[in-house]
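All remarks here apply to the structure that follows.
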Amino acid sequence: MNHNNIPQQITQTKDFNSHLNEAQLQAVESINGATLVIAGAGSGKTRTIVYRLAHLLNSGVSPSNILLLTFTRKASHEMLQRATKLLNETTSNIIYPENDLSASENNNYYYHKENSPHTSLINLQGGTFHSFAFSVLRQYYPSGYATPPNILDSSDSSGIIHDCKDNLKIAKGEKSFPKSQTVLSLFSKARNKELSLDEVIKRELYHLLPYSDDLEQLYQAYKSFKRQHAVMDYDDLLFELERLFTERPDLLTSYQNRFQYIMVDEYQDTNLVQCRLVRLLAGEKGNIMAVGDDAQSIYAFRGANVKNILAFTEHFPQAKIIKLEENYRSTQSILNLCNSVLDHAVESYKKHLFTKRENKQKPQVIRPFSDLTQAKLVASRIVELMGRYEPNEIAVLFRSGYHSYHLELELNKRGVRFRKYGGIRYIEAQHIKDVMSYARLLVNPLDFNAFQRVTSLSKGIGPKTCLKLYNAMQNHDDQEVSKICKKAPTLAADLKIIEKLRISNPSPSYIIDELTEHYKPYLTSNFPDDHPRRLQGLEELGHIAATYTELDLFIADLCLEDPFNSNQQEDTEKITLSTIHSAKGLEWSAVLIIDLAEDRFPSKKSLLKIEDFEEERRLMYVACTRAKDELYLFSPLSLYDRATGGTNQVQPSPFIKELKTELYEEWQENYIGGLTQKSAGVNQTQTYKPERLSQTKWNSEYDIDPTITITPANNPPIPSTVEQNTNTTQAKDPRSLGLCTHRIFGRGKIIEELPPDKYKVNFPGIGVKVILSDYLKIDD
DNA sequence: GGAGAGTGCCTTTTT
DNA sequence: GGCACTCTCC
């Protein structure tokens, strides 16, 4: 049973009692002042928010006076869907007076694309911070903008950085200069954490130190390009909104008056600027409810700061704190495993979820021979599960988008339909971006990114000619324009259709259909393998466009949310494949987590810094807590290596090794492609035994008590890969460089010194790792 | 100045 | 296995 299902009929507040526990009810009924709800996984968080909405409306608050902010697209979608459903049932006979402000502004950003009859909700504002910011900024922009800003998606941004780098003639021919994508993420990190570039480089990207001057120059060039072209990247949306509110107190006041009640979901994922925006909007009256769970903070990499939750009571001293701890989602045996994941955390979470849900079966740890056979075993298990559950109650979760690649092939082979979240976004596919570039030129003929993209589709036009043409068009130099067009007939046709559609200004769906037709010849000749599939995508793009009346909103929405995903929401015939990040806030009856092997999950990149490793642990926690009834953890014994074509043995993920054996059943792939259960006692898995370290001072960004640690003790060295075998031999060499200790991996032998600041270390039972010397305590 | 072949590199997570 | 960048020829 899904305890989170919205009941069919709730008409009066008193009915809430029977659907909510005491803590939830308390949260629902605290509508004035500030409230912080610490909601454990599966504790009915969304349910609480939705009921609180209903309670507000039943108390006579107009939906246009409520603002619902979330962090990810999916969370916002889910919440508004559920709210709509419940509110439609509870408030259908209440008529709300039109709010002056909202009536004049047509500010119902999110809902105009829902084909829903829920008129009572039409003025409820909700969405991600970014989409909310854009909905304001397209109407009122801060000083320095003459037109509403265009939004850059990440490929636009990195394209601009690339051009800026060329123009500045920085680091020409230097191979180790970071790629534009990397540079962009550095810029974004600096902004999200609100640190200078230099600080970020020194803290976590010290290998870029030689380029810090060049990068700083590039940073400035990128900034001024954005200003000149009236474009904003994702980060600008938030900072420019803050600037707008600072510059225009009158505007801020009117928004404060409008949004009498503010709710923020996933508060642990807000960064500093988002936190300030919330405070600005809440104003003096501070009718705000923030909901979050520190154990589920998984966005530190982009500046999310758990401290924001802790600081909530400082910003709102009167704040009431409510904890939701009873879990309504998972069975007790799944929860036991989830709790155990957090037990090993360096920072302790004072949190033990409990439930009244009975045990069905223990979670299973399954060990396939390799990630290739894993795909087969997972697919078989899914087919079996589909006999017991609807496909939309089954999900496969993984650390990184590409981990599901083999599985996707296998599922296709067996005809199992799935949808995939995370990884490459559909709208970033070439053909979609191409057609959207035409569309963007309709809105803004001087959109340089779009212009570059469209011109490069024509043979004979490269970057230089593109620039010449762009300047000629900007200066209305018709002679030059027609001279270039003569050389490239397709380019002339491109400009013609853009001009035609711009002047007639038809509906977004008509525009997309026309452009698709125009693009078809290019599509068929340039994508011989799969142009039918791509054409289908473009047709779908047209359908999505049909839910919009204004082209600029459609374009912005495509950058801010992936409608190809949310459109499929209702499809119950498909199972779900998802990155763990994209799975947050969702739940399924059966959850399968794959690739629980070293270097995959936790990610190889998280091993250098303890706080990164801990974030991986919370990620594991988020993944496991998605399961309602059945949880399967797949830990392949070897991974296919594309480079060599062979398979390399790997250690299981530390998160599996840590688990006490009594928490799960263990199954091993056998030679006939089936599974054999390991009987307890015979194949006892190693358990981690916490070992206290002496007064070691660890180099970490945070001050963590160094006496609490997880160290594999008494583990005999297990040679796991061929590579490690040799290294183990090396380590026995009397010339061994000595012993050292690492917070996570425990004691190990130093095999090699890697100047200037790293060591190669063999950790018994874990394998060989390259570690920064800062994170090692080396024995004298 | 552009096109196409060849080479080296890395492969987190999201708005 | 895909892309970003380089080199060479037209």
Side-chain angles (χ1 to χ4, degrees), chain A residues 69-76 127-134 151-159 162 165-166 171-185 188-189 191-192 232-238 266 269-271 273-274 297-304 397-403 405-406 421-425 427-428 430 455-456 458-468 484 487-488 556-562 565 578-584 595 599-607 612 615-616 618-620 622-623 639-643 645:
Chain A
L69 287 175
T70 57
F71 189 68
T72 60
R73 299 170 273 139
K74 224 181 307 143
S76 93
T128 63
F129 277 92
H130 292 87
S131 65
F132 169 70
F134 181 69
I151 300 182
L152 304 172
D153 70 15
S154 54
S155 66
D156 296 329
S157 300
S158 56
H162 184 267
K165 189 192 152 205
D166 276 359
K172 258 202 151 163
E174 293 213 43
K175 275 189 182 164
S176 54
F177 194 81
K179 290 202 194 117
S180 306
Q181 287 260 344
T182 317
V183 175
L184 175 64
S185 67
S188 181
K189 194 165 242 175
R191 299 199 71 193
N192 277 290
M232 291 186 187
D233 63 19
Y234 292 131
D235 302 325
D236 290 324
L237 286 171
L238 304 177
E266 308 282 14
D269 287 332
T270 54
N271 61 20
V273 64
Q274 286 166 328
S297 161
I298 53 175
Y299 283 102
F301 72 92
R302 47 163 295 190
L397 306 182
F398 33 85
R399 176 66 181 84
S400 313
Y402 71 94
H403 290 169
Y405 182 65
H406 296 306
Y421 293 115
I424 305 156
R425 296 170 69 185
I427 50 162
E428 281 176 11
Q430 259 189 63
T455 52
S456 72
S458 293
K459 279 239 185 293
I461 309 289
K464 289 280 146 64
T465 316
C466 166
L467 195 61
K468 220 189 268 173
I484 295 169
K487 277 202 296 191
D557 255 17
L558 276 187
C559 296
L560 296 172
E561 2 207 322
D562 195 333
N565 268 343
S578 176
T579 57
I580 299 167
H581 283 90
S582 299
K584 192 154 90 158
D595 273 335
D599 291 354
R600 289 248 173 136
F601 187 15
S603 158
K604 193 161 35 178
K605 298 205 166 183
S606 71
L607 298 178
D612 291 349
E615 180 147 313
E616 299 283 312
R618 293 191 295 269
L619 205 49
M620 176 71 179
V622 168
L639 296 176
Y640 176 71
D641 182 4
R642 273 195 309 271

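Throughout, a chain's letter reflects where its sequence line sits, starting with A, and its residues are numbered from 1. Just so we're clear, the structure is a prediction, and the values are computed from it rather than from any experiment.
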*Which of the following nucleotides, B:dT14, B:dT15, B:dG4, is nearest to the side chain of A:Y299?*
B:dT14
_Nearest heavy atom decides the nucleotide; on that basis, is A:L619 or A:K464 closer to the 5' end of DNA chain B?_
A:K464
*Rounded interatomic separation in angstrom, taking CD from A:E266 and C1' from B:dT13*: 15 Å
*Taking the side chain as C-beta and beyond, is there a heavy-atom pair between A:L560 and A:L237 under 4.5 Å?*
yes
*Step through it carefully: locate the ring centre of A:H581, locate the ring centre of A:Y299, and say whether they are under 6.0 Å apart.*
yes
_Selection from B:dT14, B:dT13, C:dC5 that lies nearest to any side-chain heavy atom of A:S180_ = C:dC5
*Check: A:T128/A:S131 side-chain N/O donor and acceptor closer than 3.5 Å*: yes
*To the nearest Å, how far apart are A:L69 CG and B:dT15 C1'?*
14 Å
*Assign A:K604 to base, sugar-phosphate, or nothing according to its heavy-atom contacts below 4.0 angstrom with the strands shown.*
nothing
*Given B:dG2, B:dT15, B:dG4, the nucleotide with the shortest approach to the side chain of A:K459*: B:dG4
*side chain to side chain contact (heavy atoms under 4.5 Å, CB included) between A:L238 and A:Q274, worked out*: CA-CA 7 Å; A:L238 304 177; A:Q274 286 166 328; 3.8 Å; yes
*Name the nucleic acid region contacted by A:K605, choosing base, sugar-phosphate or nothing; use a 4.0 angstrom heavy-atom cut-off, strictly under.*
base
*What does A:I580 touch in the nucleic acid at a heavy-atom separation under 4.0 angstrom: a base, only the sugar-phosphate, or nothing?*
nothing
*Give a yes/no answer on whether the side chain of A:S582 brings an N or O atom under 4.0 Å of OP1 or OP2 in B:dT14.*
yes
*Calculate the interatomic distance between A:L397 atom CG and B:dT13 atom P; express it in whole Å.*
14 Å
*Check the distance between B:dT14's C1' and A:I298's CD1 and give it to me in whole angstrom.*
10 Å
*For A:Q181 and B:dT13, give me the distance from atom CD to atom P, rounded to whole Å.*
11 Å
_Main chain of A:K189, side chain of A:N192: is a donor-acceptor contact present, judged purely on distance under 3.5 Å?_
no
*A:H162 side-chain N/O to C:dC5 phosphate OP1/OP2 under 4.0 Å*: yes
*B:dT11, B:dG1, B:dT15: which one has an atom nearest the side-chain heavy atoms of A:Y402?*
B:dT11
*asked:* B:dG1, OP1 or OP2 - any side-chain N/O from A:K468 closer than 4.0 Å?
replied: no
_Counting only side-chain nitrogens and oxygens, does A:Y405 get under 4.0 Å of the OP1 or OP2 atom of C:dG1?_
yes
_Any side-chain heavy-atom pair of A:V183 and A:K165 under 4.5 Å_ = no
*Could you check which of B:dT14, B:dC10, B:dT15 has an atom nearest any side-chain atom of A:H130?*
B:dT15
*Aromatic-base stack, A:F301 on B:dT13, cutoff 5.5 Å, angle under 30*: yes
*asked:* Nearest whole Å is fine: how far is B:dT11 P from A:F601 CZ?
replied: 19 Å
*asked:* Both A:K189 and A:K179 contact DNA chain B. Which one's nearest nucleotide lies toward the 5' end?
replied: A:K179
*Separation of A:L238 atom CG from B:dT14 atom P, in whole Å?*
17 Å
*A:H403 NE2 to C:dG1 P: how many Å, rounded?*
16 Å
